[in-house]
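One structure is given below, encoded as structure tokens.
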Amino acid sequence: MKINELIEKTNLKQFGTADINRDFEGGYASDLLSDVMGNAKEKNVWITMQTHKNVVAVASLKDIAAIVFSNGNTPESDTIEAANEEDVILLGTTKGTYEICGEIYQIAK
Amino acid sequence: MKFEYKVQGGNFSKAGYASSDLKKILKQLNVNPAIIKRVVVALYEAEVNIVAHAYNGTITIDIDDKQVRIVLEDQGPGIPSIEQAMQKGFSTASPHVREMGFGAGMGLPNIKKNADVMNITSKVNVGTTVEIINYI
């Protein structure tokens, strides 16, 4: 499935300018960066509440399809800048982590 | 091929720079993507360890047709017990570092898991050297 379809179906908001016409497969939810480094898979959507710039490096190194900030969290401005440079998709939702994970799971399975 | 990077302790905004650069280099060299993934995870964790714990450090990367050898040498507090530091969940990271989602005590275990060879030597109040080798 494509990220732009996911945005439409779960009503996500995009931050930054990365191209959203990109495939994803499944997801991973964690606020611990080493957990994501160790356990997330390529093309996953990553659901997190961490909004600082380092999430972009992690997503880029792991070939994460998109980062979703849950619970109304929004990325810091240098996070958006770095994501634009690295072509990392940043998305946000006011839904809590449990709820958005459930929705994405239903849509992507 | 040999590359060198300087790492500044405490500067999280640059954390991951060497890992990102090495990923690009290994891609250009057509290294197996599964191996690139392992090397990049190991280096990122080691790079973040310098930023989170040391004052400064140097990363030296040596690539030939058989292996990627990475040596990270830092000036810092050192590790009193490497055995303890290697335990999953053990961390001496500051509350600030933990709030950012680092310092969960998963870094060194992640390096060990993703490196073909990992060696650590450390001297308290002097610094730590980590060697990571992956065969390509």
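In the text below, chain A, chain B and the rest are named by the order of the sequence lines, each starting its count at 1.
Proximity of a side-chain donor or acceptor of A:Lys95 to a complementary backbone N or O of A:Thr10 within less than 3.5 Å is detected. Judged by distance alone, the side chain of A:Thr93 and the main-chain N or O of A:Leu12 form no donor-acceptor pair under 3.5 Å. A donor-acceptor contact shorter than 3.5 Å links the side chain of B:Asn11 to the backbone of B:Ser13. Using a distance-only test at 3.5 Å, with no hydrogens or angles considered, a donor-acceptor pair links the side chain of A:Asn44 to the main chain of A:Glu25.
A:Lys2 NZ: more than 12 foreign heavy atoms inside a 6.0 Å radius.
Contact annotation for A:Asp78: neither backbone nor side-chain heavy atoms come within less than 4.5 Å of a heavy atom of chain B. Only the backbone of A:Asp31 comes within less than 4.5 Å of a heavy atom in chain B; its side chain stays farther off. Contacts of B:Phe12 with chain A are made by both backbone and side-chain atoms, with heavy-atom separations under 4.5 Å.
A salt bridge does not link A:Lys53 with A:Glu76: every distance from a Lys NZ or Arg NE/NH1/NH2 to an Asp or Glu carboxylate oxygen is 4.0 Å or more.
Contacts between residues 116-136 of chain B and chain A, defined by a heavy-atom separation under 4.5 Å, are made by no residue at all.
Ranked by heavy-atom pairs under 4.5 Å with chain A, the first of B:Met106, B:Lys37, B:Met100, B:Lys23 is B:Met100. Here A:Ser34 is the residue among A:Ser30, A:Ala57, A:Ser34 with the most heavy-atom pairs under 4.5 Å with chain B.
Annotation: the span from B:Ile61 atom CD1 to B:Ile59 atom CD1 amounts to 6.5 Å, rounded to 0.5 Å.
For the residue pair B:Asp21/B:Tyr5, the side-chain donor-acceptor check at 3.5 Å is satisfied.
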